[in-house]
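In this text, all values refer to a predicted model and were calculated from it rather than measured experimentally.
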Amino acid sequence: MKIYIKQKILTLPDKFYVKDINGKNIYSVEAEILSSGKRLHIYNTKSEEVGFLKQKIWSLMPRYEVLINGKKEAEIKRLFNFLKPKYIVEGPDWIVSGDFSSHNYTITQNEKIVVKISKKWMSFSGDSYELDIQDTHYELLALCVVLAIDTDIQM
């Protein structure tokens with residue numbers, strides 16, 4: 001399954017959409033403007049909050065907590081590395097590797113690819129990130145992990 005995040009341009013309030021392969025909105029993402037640390041709310045097409053991402057501000061290296069339907073599902077940790085960022089996802093035990101700044105990376109579990117992330121040009125939305133998710137069960141969690149990494153890189 002493939003979903004797309006339109007490349008964000010800083011807006012107030014920071015809101016953008018996640019689309020399916022046909023360009024139909026499947027999620028909306030809204031950032032809290034005045035909060036300590038980054039916080040993102042993910043809503044389904046019925047405007048129900050299905051995901052929440054919050055940065056843990058009292059940490060040496062960036063960390064993000066992911067809640068799916070109100071339940072903590074994962075924590076994304078940026079590991080200390082001089083050369084380039086490195087991330088792990090505790091909970092599902094995912095490893096994230098690749099070129100984050102160009103949005104070409106993979107998320108794996110037990111050496112099997114869970115998600116491939118790449119920058120794409122799509123006619124319906126201009127510059128977008130494509131998430132090629134191998135198991136639809138992980139769609140929302142994968143989206144949250146990618147949003148956390150994107151948020152961390154932009155800081």
Side-chain angles (χ1 to χ4, degrees), residues 1-9 14 16-31 38-45 48-56 59-155:
M1 152 181 251
K2 293 182 181 181
I3 60 175
Y4 300 87
I5 303 171
K6 182 168 173 53
Q7 190 166 18
K8 301 176 295 253
I9 299 172
D14 196 5
F16 56 95
Y17 295 93
V18 178
K19 300 174 179 287
D20 66 12
I21 199 158
N22 299 313
K24 181 181 170 193
N25 292 343
I26 54 174
Y27 297 107
S28 64
V29 181
E30 293 184 30
K38 285 287 208 171
R39 293 172 179 255
L40 299 175
H41 300 268
I42 298 100
Y43 300 97
N44 63 17
T45 56
E48 300 165 330
E49 184 175 278
V50 292
F52 179 61
L53 177 66
K54 68 179 179 179
Q55 180 183 15
K56 289 185 155 189
S59 176
L60 181 61
M61 296 300 293
R63 297 175 105 161
Y64 298 86
E65 190 173 83
V66 175
L67 284 80
I68 306 287
N69 296 314
K71 181 181 173 209
K72 183 179 175 181
E73 293 290 331
E75 190 168 311
I76 299 107
K77 294 181 178 182
R78 181 176 180 175
L79 303 177
F80 183 75
N81 190 324
F82 284 112
L83 302 175
K84 62 181 181 177
K86 201 174 223 179
Y87 298 90
I88 60 168
V89 183
E90 292 180 344
D93 296 323
W94 292 352
I95 307 261
V96 188
S97 59
D99 186 353
F100 302 106
S101 60
S102 68
H103 305 286
N104 288 301
Y105 56 96
T106 58
I107 299 172
T108 58
Q109 182 180 46
N110 300 325
E111 298 183 16
K112 287 179 63 178
I113 293 175
V114 177
V115 187
K116 287 191 241 178
I117 299 88
S118 58
K119 198 165 194 174
K120 296 289 182 189
W121 176 262
M122 302 300 294
S123 61
F124 65 81
S125 64
D127 244 357
S128 298
Y129 311 133
E130 177 183 83
L131 284 66
D132 187 357
I133 303 165
Q134 305 303 307
D135 182 344
T136 57
H137 174 74
Y138 293 124
E139 177 183 274
L140 189 54
L141 182 56
L143 173 63
C144 289
V145 170
V146 171
L147 292 172
I149 292 169
D150 187 55
T151 299
D152 185 54
I153 291 169
Q154 290 180 13
M155 292 179 75

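Distance check: R78 CZ to M61 CE gives 5.0 Å after rounding to the nearest 0.5 Å. For the atom pair T151 OG1 and R39 CZ, the distance stands at 13.0 Å (nearest 0.5 Å). E130 contributes atom CD, which lies 10.0 Å from atom CD1 of I3 (distance to the nearest 0.5 angstrom). The line from NZ of K2 to CG of L131 is 11.0 Å long, rounded to the nearest 0.5 Å. Note: N110 CG to I95 CD1 = 9.0 Å, rounded to the nearest 0.5 Å. Considering OH of Y129 and CG of L143, their distance stands at 12.5 Å, rounded to 0.5 Å.
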Worksheet item: E75 and K56: side-chain contact (heavy atoms from CB on, under 4.5 Å), yes or no, with the steps?
Response: CA-CA 10 Å; E75 190 168 311; K56 289 185 155 189; 3.2 Å; yes
Worksheet entry | Working for side-chain contact (heavy atoms from CB on, under 4.5 Å), residues L140 and Y27 | CA-CA 9 Å; L140 189 54; Y27 297 107; 3.9 Å; yes
Item to complete: Decide yes or no on side-chain contact (heavy atoms from CB on, under 4.5 Å) for T106 and I117, but give the supporting numbers first.
Response: CA-CA 6 Å; T106 58; I117 299 88; over 6 Å; no
Discussion item. Using side-chain contact (heavy atoms from CB on, under 4.5 Å), reason through H103 and D150 one step at a time and then give a plain yes or no.
Written reply: CA-CA 8 Å; H103 305 286; D150 187 55; 3.2 Å; yes
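In this structure, N22 contributes its side chain and K24 its backbone to no donor-acceptor pair below 3.5 Å. Panel note: side chain Q109, backbone V114; no donor-acceptor pair is recorded below 3.5 Å.
Contact annotation: the side chain of L53 never approaches that of V29 to less than 4.5 Å [non-hydrogen atoms, C-beta and beyond]. The closest side-chain heavy-atom distance from I42 to C144 is below 4.5 Å.
Taking both residues in full, the closest heavy atoms of N104 and K119 are given as OD1-N, 3.7 Å, listed atom of the first, atom of the second, then distance.
With sequence neighbours left out, the ring pair (Phe, Tyr, Trp, His ring centres under 6.0 Å) criterion links Y43 to no other residue. Looking at residues two or more places apart in sequence or on another chain, you find a ring pair (Phe, Tyr, Trp, His ring centres under 6.0 Å) between Y138 and W94.
In the displayed structure, Y17 atom OH is contacted under 6.0 Å by at most 12 heavy atoms of other residues, nucleotides or ligands.
Between Y87 and Y105, the distance from one ring center to the other does not fall under 6.0 angstrom.
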